[in-house]
Amino acid sequence: MKIRKNDTVLVITGKDRGKKGKVRFAYPKEQRLLVEGVNFIKRHTRARGQVRQAGIIEREAPIRMSNVMLICSRCNKPARIGYRLLEDGRKTRTCRSCGEVID
Ligand SMILES: [Zn+2]
């Protein structure tokens, strides 16, 4: 899993190309991410009880992980991810352009 919850990502393909957002949820099995402010879809809803409002609501839908790139918090550029093994055996992600450990 290259991208995780709370990462900031850049959308590189699709209708939201160029948008940046924070990952709110990651779905590793589906290789999808829910990114804040990206991939809004319209949903038609019917009133259920008194809680739901009828009509059209817009909400984010998960996008494919392959459509985004992680933005490195240090160099602030879309990062190619590398992996580094720490001395204690943990594997961390690193930015290939500046070498920053991302985890
Ligand atoms: Zn970097």
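One-based numbering, in listed order, for ligands and for the atoms of each.
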Checklist entry - Side-chain contact, heavy-atom cut-off 4.5 Å: Lys20 with Val38? => result no
Checklist entry - Considering only heavy atoms from C-beta outward, does the side chain of Tyr27 approach that of Leu34 to under 4.5 Å? => result yes
Checklist entry - Around the Zn ion (ligand 1), how many protein N, O or S atoms are closer than 2.8 Å? => result 4
Checklist entry - Would you find more than 12 non-hydrogen atoms of other residues, nucleotides or ligands less than 6.0 Å from Lys19 atom NZ? => result yes
Item to check | Co-members of the apolar cluster containing Met69 [side chain, <4.5 Å] | outcome: Leu10, Ile12, Ile71
Checklist entry - What distance do Arg43 atom CZ and Glu58 atom CD have between them, rounded to the nearest 0.5 Å? => result 12.0 Å
Checklist entry - Step by step, would you call Arg93 with Leu70 a side chain to side chain contact (heavy atoms under 4.5 Å, CB included)? => result CA-CA 11 Å; Arg93 299 175 298 170; Leu70 179 64; 4.1 Å; yes
